[in-house]
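See below for the structure under consideration.
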Amino acid sequence: MIALTGVRKSFRGRPVLRDVSFTVEAGTVVCLIGPSGAGKSTVLRCVNGLEHHDAGVIKVSGREVTTESLPTIRRELAMVFQKFNLLPHRTALGNIIEGPVHVLGRSEAESRREALNLLERVGLTNKADEYPHQLSGGEQQRVGIARALAMRPKAILFDEPTSALDPERVREVLQVMRDLAEEGMTMLVVTHEMNFAREVADRVVFMDGGAIVEAGSPGQVLGDPVAQRTREFLDRVLHPI
């Protein structure tokens, strides 16, 4: 579904991705973990074309990510951002139907029906007419997930979707993501939630310094890591002082 081969990216001469290669098979969940500045979010931004990679090849459904192919690829990928990125002047319902109506050209009536179903799916039926400032962070993020699903994507990219939330709201968002995984949604997730990665991911990729240090099953990477750098990172994350 998503394949990266030898991907490199630099900002002002500073390498931020160094020969990154991995695949996300259809119907699977891959979690990218690692310290801040490791390049995890840059990977997502290169996959959906928000950043242009300098070298290597990225493919989505067998189609290479290029300037010309981006409009088509973005119809297959949706992205859920760390900071929600909801339109402040649109209600929850309005945020969800914006893409289907104005990007995909669906009718407003059809989009509204689907949006209401999606709000029910993420547990927010009673929030349809509320604006982002009236919603908690967890509720805004669940609207963001519903907005992504409204585009009927083949895969969803999640960029640290719980990092801006207080602990009480994290569980709400992670449960929606667990449900999506159980339904077979292809997901590439940047996360600091190690328990989520352990329970839901099919593969875990640990990055540091723009490179992949270790990749494998959650049991291997999180339970019995080979690389010393992985062990150091997990010790700090799982056993903070």
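Everything numeric in this text was worked out from a predicted model, so none of it was measured. Side chains are part of it too, since the values below use all heavy atoms of this structure and drop only hydrogens, waters and symmetry mates.
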Residues that R121 engages under side-chain hydrogen bond (donor to acceptor under 3.5 Å, both in side chains), provided they are two or more places apart: E183

Pair R152-E114, salt bridge (charged side-chain N to carboxylate O under 4.0 Å, His left out): steps then yes or no: CA-CA 10 Å; R152 302 177 188 171; E114 184 167 353; 2.8 Å; yes

Any heavy-atom pair between the side chains of V189 and C31 that's under 4.5 Å? yes

Tell me whether R8 at atom CZ has more than 12 heavy atoms from other residues, nucleotides or ligands lying less than 6.0 Å away. no

Would a 4.5 Å heavy-atom cut-off, applied to side chains only, mark L77 and P153 as touching? no

Do R63 and E76 sit within salt-bridge range, that is, some charged N less than 4.0 Å from a carboxylate O? yes

Nearest 0.5 Å, what's the CG-CD1 distance between D208 and I33? 11.0 Å

Do the charged groups of R113 and E110 touch, with an N to O distance under 4.0 Å? no

Using side-chain heavy atoms (C-beta onward) and a distance below 4.5 Å, is F22 in contact with I2? no

Enclosure of R74 CZ (heavy-atom neighbours >12, cutoff 6.0 Å): yes

Within residues 124-166 or reaching into it, pairs that qualify as ring-ring contact (aromatic ring centres under 6.0 Å, His included) - sequence neighbours excluded: none

Is there a path from V204 to M177 through hydrophobic residues (I, L, V, M, F, W, Y) whose side chains come within less than 4.5 Å of each other? no

